[in-house]
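Index from 1, following the sequence.
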Amino acid sequence: MKNAVVLLVFLLFQTIICTKHNPESNSWKIEADIDELRTLISQPYAAVFFATTDGPQDAFERKFNDNFGDASTYLDDFGVKTGIVSCFQSPNHQDCVNKKDESKQVHFYRNGRLLTDLPLDTMFSFDAIVANILHLVLLQEVPLLQTEAELEKITTQAIGKHDVIFGRMKAVGVPEDRAFTEAAFAYNHLFKFVMATMNTNFGIDTNWAEGSNGVWLLKCKDANQGEPCKVVPFVNTINIENLIIFIRGIQLPNTLELSESSSTDFLRLNLPIVYLSGTSKDVNYFRTIINKMAWQYQGSLGFILIDRDTVTAEMEAQWSLKDFPDCSSVCAFLRDEDLLEMISDGFTEDELRDALSSFLGLVKSRNDEEWEAEEGEEYETIELYNTSQETQDDPVEVAVFKLQLKRSLNHSATEQLTDKTFPESVARSSVTFVLFTVKWSAVCLSFLETYQSIGLRAMELTGSTFNPLTRVECSNWPDVCDLNNVSIYPTLKMYSGSVLIDTYQGRLDETDVLRAYMLYSSPSPIRLTTEEEFSSVLDGSHPSWPQELLPSYVIGVFPAKNTKERSLFEEVTQELRGAVLSFVSSPESIDERFEMFSQQSPFVVTVKPSDPHEPSIRFSGPFTRSGLINFISNSSEYILPELTPASLPSLFHGSPSIVMLFHQRNPVSNHAEAELAKVAKARGYDSPPITWIDAQDDGSLGSSILRDYALPLKSDGPHLLYLNRKLNTICWYPHTPQYSENMLTDWLQSVLIEGWGESCAAALRHREWIEMVPGYDFLTYIREDNGVAPGAMDGSISGRVINRQPVPDEDVTAVGMEDMERKEEEMVTTAPVKSHLHSEL
């Protein structure tokens, strides 16, 4: 629960090595005495595992121990140090107290300061350890992208300056990711490296095989503003050796006309070569073809034009031309190690392009087989993970698996549709919900019983004789899912008379899904024609829904049915159908409780029956479409909402900062809440959101967060904090226990304007505030390899690149480290969290 609010997460660091290697497999490697800890963490980067036992206790810990020991030597070449500190003999030492609960984490320090922790299960192999830590080393240099807009921004900034190398990896920690980060470490002074782990390459290459790893060169340096960067795909097996050849190759001209003084750079790089052979009159034809297509193969192919009329014996020997078959016309020879293919009797540009694609496919297939054979030799001697460790990085899957062991999951009350029953089922009701699932998805399985319960409650509330919530199992009926454009599971879609209304984007819990169904099943707006109907709305008896389904609603009152304002209101509320319940009435029908609003007509009011600080609010802006939409969307929220894991996404959406009152549920807290609500009402719905969070006892969510801020749980009054995620600052209210609207307004205004003050800090006690990134489903890749995670058993430490190239005309140490320190202080995770928001679990 703490992790749901403390949005820390991924990576921020590096490591250290102590030299006491113990050859016994049941003892910890690279072990350090507790007294050596200060020296260990004082290094520029240090990764420390606190061992609370005298040795590894299970197969996973033994595997981690071996891989961590191998990685320590390897990472030392990258300026990263690692160590295992023994707390078994000194459990009461000040640095070992409370470490038992943290024994499944590796703690990362920079210059003696703890930055973040990495769960042990993210470091499941040698490759994963190296890749995770190098991502920390290169946190600024190699950003993890979440959206196409982020890639577009980076390429736009790179135009005229440098090229960009973009990698799409299945997950952090796979062998290809390790190779990519090592290449980035060596060459980030020449290129901008960026990476994504989402299942997309943001549309830059239509030939990409979806779901596969990939690398592309984006040629932005020679592009003009307003033009897209040309895309050059990396078409070989992704390992460090091939990436180095690719990167070196793109820095060289990949075309030359053969002469006695020609460079042999192509041969030194071992690039596949395309020899275009013809007479002197054919050379112009070759130039025309190469000028069109050579750039598309930079780093992957070299092109050599051969004028047979000018070839000498020395040239034939130097370039091994005698090995080629005889050619009496225009020919192309495609050569790479033991592969040699020939196109003769003339060829068109398209024919040559097809031949190159086929040839490069052969080269990649050969290299893939060699790489897999080499990796396979490593797997044969390594013990596999036990089942519990294979699934521990997916808590949903673990929970479902354990539940299925206890009982069968009941989904019988939800109708399962087929290709024949789907059309008639969605057409029989004004609103039908269809859940698209796959039986191998733990999230789908975990939600099905809740979904069934929602359907039964919907029948009860609407009086329907059949369950309006249905389901399609996409592993059985993939054509139905394809026709409905379903590619993410689970997906919930709403239909009305066979017409798709919308795709549900909210949380997969009972209240939210049921509220969405009831809202889509109701008119928008509902017309109130009598005072009795108006009163029943205010009394909560119309509509007769449970109170949790009606946190707020909107009423519009207009003097006539055909006014421009009423038409606009009805149009906007129809657009917001499914998000808010709305009513429309005339002045003659309003309840006396609304007479205070009736001095001016028309008027629109949002009513929030359970909001103690703002039970209603009137729309005061100009009657425009955007004004109404903004008012209805914002005013439906409580003026001082509670911050919970469920409300977190909506409260943080669109705002880099937030204000949190840690409510102790006592008179002082109640007074502070009332005064803070006045501040929130005065500010309206401007950023940042002002919230409260439960901190009544030591086990509450608020108390857990306070411990991360190193603030006392008990004080004279409730803590009030301002967090700016963009600037990575935390400011606390300095006048506790004095709370007044004026003092609170002045404090909030000062931190908003200045962004810093005496009551502000740059980081949490243990780590910096970094936005959470999506988790990685390593189970997908475990299944793909028949039960073995890619690289999970790999103990190889070959193929490393350890030396960064010097930056021309700059002092790397002085400028680079100063720049890194500056960037660390200004660190911003630019990528918003991209999740499906299906977080009932």
Side-chain angles (χ1 to χ4, degrees), residues 7 9-11 135 138-172 174 176-177 180-181 183-184 188 191-235 238 250 295-296 298 482 484-489 491 502-505 649-650 652-656 725-726 770-777 780 827-838:
L7 298 174
V9 163
F10 183 50
L11 312 157
H135 273 292
L138 301 171
L139 192 60
Q140 293 298 322
E141 292 88 341
V142 186
L144 287 171
L145 306 182
Q146 303 290 327
T147 65
E148 184 177 349
E150 293 169 1
L151 180 61
E152 182 178 351
K153 180 180 179 180
I154 288 174
T155 55
T156 300
Q157 293 173 344
I159 287 177
K161 300 175 183 177
H162 50 254
D163 293 333
V164 177
I165 296 180
F166 168 53
R168 185 273 164 184
M169 301 297 157
K170 292 181 178 179
V172 170
V174 296
E176 293 84 353
D177 174 48
F180 186 80
T181 53
N188 74 82
F191 303 92
K192 177 63 178 178
F193 285 79
V194 295
M195 196 180 107
T197 55
M198 307 179 72
N199 189 22
T200 177
N201 70 348
F202 302 128
I204 65 172
D205 183 2
T206 56
N207 295 320
W208 172 64
E210 185 175 353
S212 63
N213 297 312
V215 176
W216 296 266
L217 168 70
L218 307 181
K219 294 175 63 64
C220 301
K221 186 175 183 178
D222 297 330
N224 296 320
Q225 288 293 337
E227 297 178 353
C229 303
K230 292 181 178 179
V231 179
V232 179
F234 172 72
V235 293
I238 301 177
I250 60 182
W295 68 268
Q296 302 172 35
Q298 265 192 295
D482 290 341
N484 287 275
N485 297 318
V486 176
S487 58
I488 297 175
Y489 308 99
T491 290
D502 203 356
T503 299
Y504 180 74
Q505 299 292 336
S650 61
F652 264 122
H653 178 69
S655 174
R725 296 178 296 153
K726 185 175 182 180
I770 304 299
E771 272 198 25
M772 183 175 291
V773 299
Y776 300 101
D777 183 10
T780 302
M827 186 174 300
V828 181
T829 301
T830 57
V833 179
K834 277 265 177 126
S835 64
H836 212 259
L837 299 181
H838 292 172

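When the side-chain contact (heavy atoms from CB on, under 4.5 Å) test is applied to Val232, the partners found at least two apart in sequence or on another chain are Leu217, Lys219, Trp295, Gln298. Partners of Asn485 under the side-chain contact (heavy atoms from CB on, under 4.5 Å) rule, at least two apart in sequence or in another chain, do not exist in this structure. Partners of Thr503 according to the side-chain contact (heavy atoms from CB on, under 4.5 Å) rule, which considers only residues two or more places apart in sequence or in another chain, are Thr491, Lys493, Gln505. By the side-chain hydrogen bond (donor to acceptor under 3.5 Å, both in side chains) test, Asn484 pairs with Tyr495, sequence neighbours left out. A search for side-chain hydrogen bond (donor to acceptor under 3.5 Å, both in side chains) contacts involving Gln296 returns Arg353, not counting sequence neighbours. Shown here are the side-chain hydrogen bond (donor to acceptor under 3.5 Å, both in side chains) partners of Asp482, two or more places apart in sequence or in another chain: there are none. Annotation: ring pair (Phe, Tyr, Trp, His ring centres under 6.0 Å) contacts of Phe234 (sequence neighbours excluded): Phe246. Partners of Asn201 by side-chain hydrogen bond (donor to acceptor under 3.5 Å, both in side chains), not counting sequence neighbours: none found.
The two residues Phe180 and Val142 make their nearest non-hydrogen contact at CE2-CG1, 4.2 Å. Residues Pro233 and Val231 share a closest heavy-atom pair of CD-O, 3.9 Å. Between Thr181 and His135, the closest heavy-atom pair is CG2-NE2, 3.4 Å. Contact detail for Pro228 and Ala223: the closest heavy-atom pair is O-CB, 4.4 Å. Scanning both residues, Asn199 and Trp208, for their nearest heavy atoms gives OD1-CH2, 3.7 Å. Between Asp177 and Ala171, the closest heavy-atom pair is CB-O, 3.7 Å.
For residues 146-169, every residue pair satisfying the ring pair (Phe, Tyr, Trp, His ring centres under 6.0 Å) rule, not counting sequence neighbours, is listed here: Phe166-Phe202, Phe166-Trp216.
For the atom pair CG (Leu145) and CE (Met195), the distance works out to 9.5 Å, reported to the nearest 0.5 Å. How far SG of Cys229 is from NZ of Lys221: 13.0 Å, rounded to the nearest 0.5 Å. Interatomic distance, CG of Leu144 versus CE of Met169, reported as 11.0 Å (0.5 Å rounding). From Asp222, atom CG reaches atom CD of Glu227 across 11.0 Å, with rounding to the nearest 0.5 Å. Atom CG of Asn213 sits about 4.5 Å away from atom CD of Glu176, to the nearest 0.5 Å.
Among the candidates Ile165, Val164, Leu138, the single residue satisfying the side-chain contact (heavy atoms from CB on, under 4.5 Å) test with Phe193 is Ile165.
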Quiz: residues 154-161 side-chain donor-acceptor pairs under 3.5 angstrom, not counting sequence neighbours:
residue	atom	partner	partner atom	Å
Thr155	OG1	Leu151	O	3.1
Thr155	OG1	Glu152	O	2.9
Thr156	OG1	Glu152	O	2.7

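Under the 4.5 Å side-chain criterion, counting only non-hydrogen atoms from C-beta, Glu148 is not in contact with Thr200.
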